[in-house]
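Down below is the structure, laid out as structure tokens.
Order of the sequence lines fixes the chain letters, A, B, ..., with proteins taken first and strands second; residue numbering starts at 1 for each chain.
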There are 2 protein chains.
Amino acid sequence: MAAYAQMGTDLDTVFAALADPTRRAILSLLLEDDMAVTDVAEPFEISLAAISKHLAILTRAGLISQEKRGRVKWCKLEPDALREASVWMQGFGQFEPVNLDAFERFLANELDGEETT
Amino acid sequence: MAAYAQMGTDLDTVFAALADPTRRAILSLLLEDDMAVTDVAEPFEISLAAISKHLAILTRAGLISQEKRGRVKWCKLEPDALREASVWMQGFGQFEPVNLDAFERFLANELDGEETT
DNA sequence: ATGTCACTCAACCAAATGGTTGAATAAGAC
DNA sequence: GTCTTATTCAACCATTTGGTTGAGTGACAT
């Protein structure tokens with residue numbers, strides 16, 4: 001009987017953005033360095049337009065920012081946007097503080113950026 | 001030119017599950033106690049069938065488990081499933097270790113479970 | 001000025017999502 | 001056995017999502 005009026009918070013957009021493997025891979029790329037849209041797109045098999053859409057979604061979620069310098073648009077990781085979501089998640093568990101090692105293993109696994117030849 | 005063959009990892013399902021406000025609210029409910037499906041559904045305005053679907057999604061994501069005892073199916077939070085995702089996220093930032101206070105404020109905000117009268 | 005490079009827009013498509021209702025199943029209660 | 005409670009299933013619907021292609025725009029190169 002309670003209201004539970006659920007407005008769409010930032011968490012909606014952030015988690016939705018993170019739910020796509022391509023977008024997570026993009027974030028991983030940007031973890032290394034800022035990149036132009038074309039360069040972000042290069043490792044993927046999908047069209048540039050599709051990547052452009054993914055980047056728009058990441059931007060709307062605040063996970064990256066895009067700045068146009070000349071004719072190239074630079075994409076930059078904005079890790080602050082994750083803080084809110086991270087805080088939310090940590091409330092559900094007694095997770096070990098950081099465990100960067102596990103994260104490294106994870107990236108190696110998910111990125112899977114080896115040449116297949 | 002690299003492959004970037006992206007298999008759907010657990011992260012896909014976990015983040016997708018977390019992207020819905022109803023499902024996050026369900027998790028918050030279960031944070032307090034294990035509950036039967038009907039009781040989970042009670043605070044929401046949507047149909048029981050809809051809640052049942054949400055619970056199935058949360059189960060597939062491993063975020064909760066469901067055990068049928070008699071004719072009622074008990075739902076139990078499984079916070080371990082969040083660990084993987086939490087680790088992934090923390091790799092993207094220098095987030096403060098836990099900050100439970102911020103989380104409390106968050107819950108208060110998102111749950112919004114007050115009677116509106 | 002003409003071309004080319006970097007990127008987005010628009011229209012379209014198939015599949016997935018979140019919801020509905022009504023019937024089906026399964027277990028207790030009487 | 002019959003009724004009711006707990007939950008899911010099935011069919012359906014509207015909207016969103018992730019992708020495509022082809023045309024459009026804006027900035028640099030020659």
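- Other members of a hydrophobic cluster containing B/Ile57 are absent, since no ILVMFWY side chain comes under 4.5 Å of it, directly or through relayed contacts.
- Here salt bridge (Lys or Arg N to Asp or Glu O under 4.0 Å) pairs that include residues 57-68 of chain B, with residues two or more places apart or in two chains, are B/Glu67-B/Arg69.
- In this structure, B/Leu48 atom CG and D/dA6 atom P are separated by 10 Å, rounded to whole Å.
- In the hydrophobic clustering, A/Val72 connects to A/Trp74, either directly or through intervening members, whenever side-chain heavy atoms lie under 4.5 Å apart.
- A distance of 9.5 Å separates CG in A/Leu77 from CG in A/Leu58, rounded to the nearest 0.5 Å.
- At whole-Å resolution of the value, CD1 in B/Ile26 and P in C/dG18 are 11 Å apart.
- The interatomic distance linking A/Arg60 (CZ) with D/dT16 (P) rounds to 12 Å, in whole Å.
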For nucleotides 24-30 of chain D, print each protein N/O atom paired with a nucleotide N/O atom at under 3.5 Å, atom names and distance only.
none

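- Atom pair A/Ile51:CD1 and C/dC9:P shows a separation of 16 Å (rounding to whole Å applied).
- Look at CD on A/Gln66: it is 16 Å from P on C/dA6, rounded to the nearest Å.
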Any N/O pairs under 3.5 Å between the protein and nucleotides 10-17 of chain C? List them or say none.
none

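- Qualifying salt bridge (charged side-chain N to carboxylate O under 4.0 Å, His left out) partners for B/Lys53, counting only residues two or more places apart in sequence or in other chains: none.
- Close to D/dT20, at under 4.0 Å from its OP1 or OP2, lies a side-chain N or O of A/Ser47.
- Between A/Lys73 and B/Ala19, the residue whose closest nucleotide on DNA chain C is further toward the 5' end is A/Lys73.
- Remark: P of D/dT5 and CD of B/Glu42 are 16 Å apart, rounded to the nearest angstrom.
- For the OP1/OP2 pair of C/dT8 and a distance below 4.0 Å, the side-chain nitrogens and oxygens of A/Ser52 include at least one atom meeting the criterion.
- Rounding to the nearest 0.5 angstrom, the gap separating the OG atom in B/Ser65 from the NZ atom in B/Lys73 is 11.0 Å.
- In this structure, B/Trp74 atom CH2 and D/dT8 atom P are separated by 14 Å, rounded to whole Å.
- Residues satisfying the side chain to side chain contact (heavy atoms under 4.5 Å, CB included) criterion with B/Ile46, sequence neighbours excluded, are B/Thr22, B/Phe44, B/Ala50, B/Ile51, B/His54.
- Under the side-chain hydrogen bond (donor to acceptor under 3.5 Å, both in side chains) criterion, B/Thr38 pairs with no residue at all, not counting sequence neighbours.
- Rounded to an integer number of Å, the gap from B/His54 NE2 to D/dT7 C1' is 16 Å.
- Taking A/Ser47 as the reference, nothing meets the side-chain hydrogen bond (donor to acceptor under 3.5 Å, both in side chains) condition, with sequence neighbours excluded.
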